[in-house]
Amino acid sequence: MSGGIPASALTEQDAAAELARLAREIAEADAAYYQNDAPTLTDAAYDALRQRNAEIEAQFPHLKREDSPSLKVGAEAGDGFAKARHGIPMLSLENAFADEDVADFAARIRRFLGLGEEAELAFTAEPKIDGLSLSLTYEKGKLVRAATRGDGQTGEDVTANARTLGDIPARLAGKDWPASIEIRGEIYMAKDDFAALNAREAAAGRKVFANPRNAAAGSLRQLDIEITRSRLLRFFAYAWGAVSEPFADTQSGAVQTLAEWGFVTNPMMVRVLTVEDILSIYREIEGQRAGLPYDIDGVVYKVDRLDWQQRLGFVSRAPRWAIAHKFPAEKATTTLLGIDIQVGRTGSLTPVARLEPVTVGGVVVSNATLHNEDEIARLGVKPGDVVEIQRAGDVIPQVLRVVKAGQGPAWDMPEVCPACGSAAVREIDEAGEVDVRRRCTGGLICPAQAVERLKHFVSRKALDIDGLGAKQIELFHDKGVLRAPQDIFRLRMNIEAAGLPPLEEWDGFGAASAKKLYAAIDARRKSEFARFLNGLGIRHVGQTTSSQFARGFLSWQAFWDAVERAAEGGPGSEGYLDLTGIDGIGDAAAKALIQFQAEPHNREMLDALLAEIEIEDETPAATDSPVAGKTVVFTGTLERMTRDEAKARAGALGAKVAGSVSAKTDILVAGPGAGSKLAKAESLGVRTMTEAEWLELIGDA
Ligand code: IVH
């Protein structure tokens, strides 16, 4: 801890050394607190470090370091790593589990590209490495930046750490590389290195890692790069992002080139032509899985031709031209100790199995979902039974079947909400179907719903407020200072109004974390459109849908205006069509928005929230495209591309694709056979063009 000598009695040399140590220790504590959600110091100890740093700096102002903790404020302080925006977003992959999913994938691609049965469609197949992805930027052949995936758009700058890896060249070999390129691949830890690391950690009395993936992630994101260096991480290159000029025609050719530039590429990658061959490669790799020196969790297939990859493009967060075929889930047998009921933020009651802890695929599992009461009846499961469970990847483990029935009595789903005592009912939908879920009718009076909604509002995929996690939400809710989302922005005031001591004096807070929390909240007084909308937790309006609305409307005001007009005019009204005209938006989302808007308490909540925060306009996807922000309708037969492809391409260029023509339509692309839409467009004076003219306009001719 801090030296006991008063700052005024330190020699210059000792003061400089102590400032260096303090900078490092505070940065480490910040990283543990902010990035790993695992504080390593008590608030008091943390405050003492900062206090000491301030004293020494006051005494020796000329020794103040460039990385001094006193120069960093609020939420920024803990961001141990600088943010790094990717040139092209880092996406994830869609998953396939069954053989049919793979056949569907290939069929979908043929349909999208308009390929006949006989046309050759080659894929690459390669192991899916169970690690974490990394993007390496090379300028003129030199490594200038390494960034983690982060949220896909922006990651963390881990350049210094990445430079310690033998598999990551500081300079590209050869000389035929693009002037600028983002190389992507997977960081992982070999099974042997993982076992040795855990043995060392255990011997030193430290916490061991759950699996090689966690160990790799924890080892890369170290503020002290010497720790990263000692952990022996490895890297496979398998893809690229932004690139200044094309460097290959095929995926397999590109990977071959990456190897020539000095990267390690996976030796098991092959090129295959049929679904049958894909599946036999899958089984071959699955057979080798246990004997490989590193963990894999499936096989990735990618369309080999890069011009086709380009045409196929992306759907929300995954490319259309690739899929991850996952290995089957791992299973285990254990005893069902009891069934708890969880109340979700929409009021749905989910039965959760409490299990005798058991290890499945290297992770200890003590809870599993039972989905709903019909599932429990189907399984015929009750407390005391021995059950088989399975765990696939990151999804919540499931109960598969009863292996041996116990002596316990049958179990019945409660008909009242365990959190608020309101009736819990199964709704009947428009088609007369009974909902499988039972929902609490308590609405906002139900504390479980309120708390779950609040947790969702601040979660990573929504407002993402650092330091405001599940624990803090529960605490503030219990204290009565946080009931609705807008209260987050009035926390200080609410605490005072409730006659409670300031947060700085609460148990487990302290000056430093109270300050950080308020700063993190204030940082969200400007929020992103899609995150904000997702955070509202409206049914059928999740992360993907929210992003689609944000990209379609760009401004919150324009979006909400459409919702209000849709609520007033009902389905079929112009406002309603403005909503459903956005690519990817269907009736479910539009109707849910209308329902949400119809509730006075929701409108009040929104007004209150908007009085506290400003919602930033979304930046159009491709501002330099001539069709960005334009509303386009396609009609008639398209000859050079399929309808799906045309819509996807227009969307990628920032245009809004609508299904029907209205006064708001900017362009109607009419192929042969166009009928009423063309007539309507002409009567409204909407600009119309042929497919060839459209392609010329967007530069695809
Ligand atoms: S390709 C645009 N190939 O899996 C698609 N990803 O679940 C780029 N991964 O985020 C990814 N092995 O971190 C690709 N051979 C492989 C992979 C692989 C592992 C990871 C990657 C990605 C995640 C998606």
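All ligand and atom numbering here is 1-based and tracks the order in the structure. One is the number of the first residue; the rest follow in order along the sequence.
Looking from atom 3 (N) of ligand 1 to the surrounding protein, the closest heavy atom is K302 NZ, 3.1 Å. Of all protein heavy atoms, the one closest to atom 24 (C) of ligand 1 is L93 N, 3.5 Å. Ranking the protein heavy atoms by distance from atom 21 (C) of ligand 1 puts Y238 OH, 3.1 Å first. Counting protein heavy atoms only, atom 2 (C) of ligand 1 is closest to P319 CG, 3.6 Å. Of all protein heavy atoms, the one closest to atom 13 (O) of ligand 1 is E186 OE1, 2.8 Å. Counting only heavy atoms of the protein, atom 23 (C) of ligand 1 lies nearest to K128 NZ, 3.9 Å. If you check which protein heavy atom lies closest to atom 12 (N) of ligand 1, you get I129 N, 3.0 Å.
Residue contacts with ligand 1 for R184 are absent, since no atom lies close enough (heavy atoms, distance under 4.0 Å). With a heavy-atom cut-off of 4.0 Å, V300 touches ligand 1 through its side chain alone.
Ring pair F327/Y282: centre-to-centre distance below 6.0 Å.
Protein heavy atoms are absent from the 4.0 Å sphere centred on atom 8 (C) of ligand 1.
Note on E286 versus R283: no salt bridge recorded, every NZ/NE/NH1/NH2 to OD/OE distance being 4.0 Å or above. At a threshold of 4.0 Å, the pair E156-R221 counts as salt-bridged, since one of the basic side-chain nitrogens sits closer than that to a carboxylate oxygen. A salt bridge does not link E645 with R640: every distance from a Lys NZ or Arg NE/NH1/NH2 to an Asp or Glu carboxylate oxygen is 4.0 Å or more.
Here salt bridge (charged side-chain N to carboxylate O under 4.0 Å, His left out) pairs that include residues 227-249, with residues two or more places apart or in two chains, are D193-R234, E226-R229.
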Contacts under 3.5 angstrom, residues 252-268 side chains, donor-acceptor by atom type, not counting sequence neighbours:
residue	atom	partner	partner atom	Å
S252	OG	D304	OD1	3.0
S252	OG	D304	OD2	3.1
Q256	NE2	E260	OE2	3.1
T257	OG1	G253	O	2.8
N266	OD1	M268	N	2.8
N266	ND2	Y294	OH	3.0

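In the vicinity of R149, heavy-atom distances shorter than 4.0 Å reach the ligand 1 atoms 10 (O). Residue P127 approaches ligand 1 through these ligand atoms, each under 4.0 Å from one of its heavy atoms: 15 (N). Near E126, meaning under 4.0 Å from any of its heavy atoms, are these atoms of ligand 1: 3 (N), 15 (N), 16 (C). When each atom of ligand 1 is checked for a heavy atom of L91 under 4.0 Å away, the hits are 10 (O).
Geometric assessment of K656 against the ring of F553 yields a positive cation-pi assignment under the 6.0 Å and 45° thresholds.
Nearest heavy atoms, R145 versus R85: NH2-O, 3.1 Å.
At least one side-chain heavy atom of F105 sits under 4.5 Å from a side-chain heavy atom of F123.
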